[in-house]
Amino acid sequence: MDFNDTPQEAEFRKEVRSWLGANAPKHLEAELKRASFGSNGLESEDPIKASKAWQKKKAEAGWACLHWPKEYGGGARSAMERVIWSQEEGPYAVLSGLFTIGHGMCGPTVMEWANEEWKERLLPPLASGEEVWCQLFSEPASGSDLAGLRTKAVKADDGSGDWIINGQKIWTSGAQNSDWGLLITRTDPDVPKHKGLTMFFLRMDSPGVKVVPIKQANGASGFNEVYFDDVRIPDDQRLGDVGQGWKVSLTTLMNERLSIGSGMSTGFPELFKFCMDMDIDGEAATADSGVRSKLAQFAVKQSGLKYTGMRAISALSKGETPGPENSIGKLVAGATMQELAMYALDLQGEAGVVWNEDSPQNGRFQAMLMRSPATRIEGGSDEILRNIIGERVLGLPGDIRVDKDVPFKEIPTTGKAKA
């Protein structure tokens, strides 16, 4: 691996730094640096307005969605230039969280599967931050088995060609702030579960759509339940052919795991600083051999994540596309984040149960512990990622799937244990 910029990359990095130095919202920098999991740290301004303003400024200067073509509102830059931008944007990248799903998952799916008219209509306002998207995939009854979904789409009986949607989605991030949603449904229960799916996109203010925020343990409501009651969707808002929804969804899922996994923080720098500053029984915490040993273990994992990420960056710089091995980053980072947060609170003792502005690191470790279980589920649970790594990276035999060729309607949903 070569860790040095090429002359062209160095020049681009210089250009990025110059523009950020002149245009970044420096008045928000201190607050953004205090951002914790579940909060971007903003109190002086409305977080959504601030996020949209920053995205609009980037779009007007050609820095929005660097990997997208210019005709769709992007910057038409290389994958490596996109990496450099993300490295340089620093704390201001927190303001992009509102658009992560749209830019990283929904946008690429629309770009690959929608017709040209819809691309020109949907993608530029998504790139500029004018419109926000969400991903309507997970359901209460299917868990991590996306293909087990039950939200139904049937053709309207009035000859219009429209589709009528009924069902429920859950754990939909940002639905309450979204203008559009990417929706996967079941259109044929008489075929195996992966073959009877169809993908659509719809306005979130469509009649019959109801969004219910979920109150989380950390006090936030980033996730939502979304209900569909006879929601009508025109057929031209279908992505791919009828029954091709699983193939379309793979475009979304591939981008989702890359978006979530790339650059996921474990909180190690904050833990290290915390241990350097705190005392245990009148002595520096780092004087304790147990603390040093634990920090060393976390440091090794952090280093492994860094250089695993560097492999992906090196692949991008050579024009290659990173593959399923990128699941390793999210798998390790999610578990490390949870373990690290628990250790930090152990060090705080009884003070660890207090979560306010006076907590160490502005309550970052408390927020991290409350949010960390979700990081191990969203974008593919730990078990799903292990299957991907085992089957597609290590070449191990595939997991046994007894319902693979069974018509969906024949798959039992409940059962009683035999005596």
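Below, all heavy atoms of this structure are taken into account, side chains as well, without hydrogens, waters or symmetry copies.
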Please walk me through it: do Asp229 and Lys210 pass salt bridge (charged side-chain N to carboxylate O under 4.0 Å, His left out)?
CA-CA 8 Å; Asp229 184 8; Lys210 181 181 180 182; over 6 Å; no
Check this for me, if you would: do [X] and [Y] make a salt bridge, where the nitrogen-to-carboxylate-oxygen distance has to be below 4.0 angstrom?
{"X": "Lys195", "Y": "Asp188", "result": "no"}
{"X": "Lys33", "Y": "Glu29", "result": "yes"}
{"X": "Glu112", "Y": "Lys119", "result": "no"}
{"X": "Lys58", "Y": "Glu89", "result": "yes"}
{"X": "Arg292", "Y": "Asp288", "result": "no"}
{"X": "Arg401", "Y": "Glu391", "result": "yes"}

Residue pairs meeting ring-ring contact (aromatic ring centres under 6.0 Å, His included), one or both in residues 365-401, sequence neighbours left out, come to Phe274-Phe365
Please lay out, stage by stage, how Gln8 and Glu81 fare under the test side chain to side chain donor-acceptor pair (under 3.5 Å).
CA-CA 10 Å; Gln8 294 82 4; Glu81 287 172 326; over 6 Å; no
For Val132 and Asn177, which heavy atoms make the closest approach, and how far apart are they?
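Smallest interatomic distance, heavy atoms only, reads CB-O, 3.5 Å.
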Over all heavy atoms of both residues, which pair between Ala153 and Thr185 is shortest? Give the atoms and the distance, please.
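Where Ala153 meets Thr185 most closely, the heavy atoms are CB-OG1, 3.3 Å.
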Considering the options Leu122, Leu202, Val110, which one meets the side-chain contact (heavy atoms from CB on, under 4.5 Å) requirement together with Trp180?
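With Trp180 as partner, Leu122, Leu202, Val110 yield a single side-chain contact (heavy atoms from CB on, under 4.5 Å), made by Leu122.
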Do Glu45 and His27 meet the criterion of a side-chain donor-acceptor pair at a distance under 3.5 Å?
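Indeed, the side chains of Glu45 and His27 share at least one donor-acceptor pair under 3.5 Å.
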Between Gln168 and Glu225, a side-chain donor and acceptor under 3.5 Å:
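Glu225 and Gln168 do have a side-chain donor-acceptor pair below 3.5 Å.
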Report yes if some heavy atom in the side chain of Lys193 is under 4.5 Å from a heavy atom in the side chain of Arg186; otherwise report no.
yes
Non-hydrogen side-chain atoms of Val16 and Gln87 separated by less than 4.5 Å
no
Residues at least two apart in sequence or cross-chain that pass side chain to side chain donor-acceptor pair (under 3.5 Å) with Asp230, listed by chain then number, are Asn166
Any idea how Phe99 and His103 line up, ring-wise: parallel (<30°), tilted (30 to 60°), or perpendicular (>60°)?
parallel
If the plane angle is over 60° it's perpendicular, under 30° parallel, otherwise tilted; pick one for Phe268 and Phe298.
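Tilted: the ring planes of Phe268 and Phe298 meet at 30° to 60°.
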I'd like to know if the side chain of [X] and the backbone of [Y] have a donor-acceptor N/O pair within less than 3.5 Å.
{"X": "Lys26", "Y": "Gly21", "value": "yes"}
{"X": "Lys169", "Y": "Thr151", "value": "no"}
{"X": "Gln244", "Y": "Asp241", "value": "yes"}
{"X": "Asn224", "Y": "Val226", "value": "no"}
{"X": "Thr266", "Y": "Thr336", "value": "no"}

Quick one: does NZ or CZ of Arg77 land under 6.0 Å from the six-membered ring centre of Trp85, within 45 degrees of the ring axis?
no
Test the Lys155-Trp163 pair against the cation-pi criterion, namely NZ or CZ under 6.0 angstrom from the six-membered ring centroid and within 45° of the ring axis.
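Yes; both conditions hold, so Lys155 lies above the ring face of Trp163.
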Would you find more than 12 non-hydrogen atoms of other residues, nucleotides or ligands less than 6.0 Å from Glu283 atom CD?
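No, CD of Glu283 has 12 or fewer neighbouring heavy atoms, counting only those of other groups under 6.0 Å.
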Assess whether side chain to side chain donor-acceptor pair (under 3.5 Å) is satisfied between Glu31 and Ser44, documenting all intermediate values.
CA-CA 8 Å; Glu31 289 180 273; Ser44 62; 2.5 Å; yes
Yes or no on ring pair (Phe, Tyr, Trp, His ring centres under 6.0 Å) for Trp118 and Phe201, after CA distance, side-chain angles and deciding distance?
CA-CA 11 Å; Trp118 274 114; Phe201 58 90; 4.9 Å; yes
